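Everything below concerns the one structure shown next.
Source: prediction; values computed, not measured.
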Amino acid sequence: MYDLSQLERQLAEFTSSLFDEGFLDDQFNQLKQLQDESNPEFVVEVVNLFFEDAERLLNELAKTLAQDNIDFKRVDAHVHQLKGSSSSIGAQRVQKVCIAFRNYCEEQNVEGCLKILQEIKQECSLVKSKFETLFKMEQQVACRRLS
């Protein structure tokens, strides 16, 4: 069992690594500032909503890109929405891949869009795993503080 100071140090180091590795940017810190005692699960709820929405958008993108006549304006609209929502939670790497995706849409590059769709799926999965670890560590610290 770790004591509270060890857990807090591990949490701080992990959080720092998320910023250093480009998973998160300062927008995440701003989101955390909106959380308070009246809504202690605010950040978790917002992040979970992001992933629900991202899954829906990624499925829509896959369907649209599988059509014979691809509506690139529709693809771009979905990517733009994903870019905005990833930016709002500070998911920097997802946001950067969305920017590249929009460039492929502009060029109407089907192969590029399909390739980058896989990359976005991978980045979303990776950042989701990072968030899950972060929230679990935060919960362990909070529980230890109460005991």
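Closest of all the heavy-atom pairs between Cys98 and Lys83 is CB-CB, 3.6 Å. A pairwise comparison of heavy atoms in Lys121 and Ala62 identifies NZ-CB, 4.4 Å as the closest pair. Counting all heavy atoms, side chain and backbone alike, Leu58 lies closest to Leu82 at CD2-CD2, 4.0 Å. Shortest non-hydrogen contact noted between Ser85 and Asp53 is OG-OD2, 4.2 Å. A pairwise comparison of heavy atoms in Phe42 and Leu34 identifies CE2-CB, 3.6 Å as the closest pair. Here the closest non-hydrogen pair linking Cys105 and Cys113 is N-SG, 3.9 Å.
Here the side chains of Val75 and Tyr104 are not in contact, with every heavy-atom distance at 4.5 Å or above. For the pair Glu60 and Gln81, the minimum side-chain heavy-atom distance is 4.5 Å or more. Leu49 is not listed as a side-chain neighbour of Ile89, based on a closest heavy-atom distance of 4.5 Å or more. Residues Phe28 and Phe19 are in side-chain contact: their nearest non-hydrogen atoms beyond the backbone lie under 4.5 Å apart. A 4.5 Å side-chain heavy-atom check between Glu119 and Ile116 finds at least one atom pair inside the cut-off. Looking at Leu11 and Leu134, their side chains come closer than 4.5 Å, going by heavy atoms from C-beta outward. Contact check for Asn39 versus Gln35: no side-chain heavy atoms found under the 4.5 Å cut-off. Residues Leu31 and Ser88 are not in side-chain contact: their nearest non-hydrogen atoms beyond the backbone lie 4.5 Å or more apart.
The number of heavy-atom neighbours closer than 6.0 Å to CD of Gln10, taken from other residues, nucleotides and ligands shown, is above 12. Within 6.0 Å of CD on Gln67 lie more than 12 heavy atoms contributed by other residues, nucleotides or ligands. Within 6.0 Å of atom CD in Gln30, more than 12 heavy atoms from other residues, nucleotides or ligands are found, so the atom counts as buried in its surroundings. By the 6.0 Å contact criterion, CD on Glu107 is enclosed, its count of non-hydrogen atoms from other residues, nucleotides or ligands being greater than 12.
The structure places NE2 of His78 at 11.5 Å from CG of Leu117, a figure rounded to the nearest 0.5 Å. Atom CZ of Arg74 is separated from atom OG1 of Thr64 by 4.0 Å, given to the nearest 0.5 angstrom. The line from CD1 of Ile70 to CG of Leu114 is 6.5 Å long, rounded to the nearest 0.5 Å. Here Leu24 contributes atom CG and Leu18 contributes atom CG; the two are 5.0 Å apart, rounded to the nearest 0.5 Å. Atom CD of residue Gln92 and atom NZ of residue Lys96 lie 4.0 Å apart, to the nearest 0.5 angstrom. Here the CD-CG distance, from Gln140 to Leu4, works out to 11.5 Å after rounding to the nearest 0.5 Å.
Using a distance-only test at 3.5 Å, with no hydrogens or angles considered, no donor-acceptor pair links the side chain of Asp76 to the main chain of Phe72. The closest donor-acceptor contact from the side chain of Asp3 to the backbone of Gln6 lies under 3.5 Å.
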Any chance you could lay out the side chain to side chain contact (heavy atoms under 4.5 Å, CB included) test for Glu132 and Lys136, step after step, and finish with the verdict? CA-CA 6 Å; Glu132 287 169 350; Lys136 183 178 178 184; over 6 Å; no
Go through the steps to decide whether Glu13 and Met137 satisfy the test side chain to side chain contact (heavy atoms under 4.5 Å, CB included), and finish with yes or no. CA-CA 11 Å; Glu13 289 170 359; Met137 291 175 82; over 6 Å; no
List the steps, then state whether side chain to side chain contact (heavy atoms under 4.5 Å, CB included) holds for Glu138 with Val43. CA-CA 12 Å; Glu138 287 177 342; Val43 174; over 6 Å; no
Give the intermediate values and the outcome of side chain to side chain contact (heavy atoms under 4.5 Å, CB included) for residues Glu21 and Lys130. CA-CA 11 Å; Glu21 295 170 21; Lys130 299 288 185 180; 4.2 Å; yes
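Relative orientation of the Phe131 and Phe51 rings is perpendicular, given thresholds of 30° and 60° on the angle between their planes.
No continuous path of ILVMFWY side-chain contacts below 4.5 Å connects Ile99 to Val127, so the two sit in separate hydrophobic clusters.
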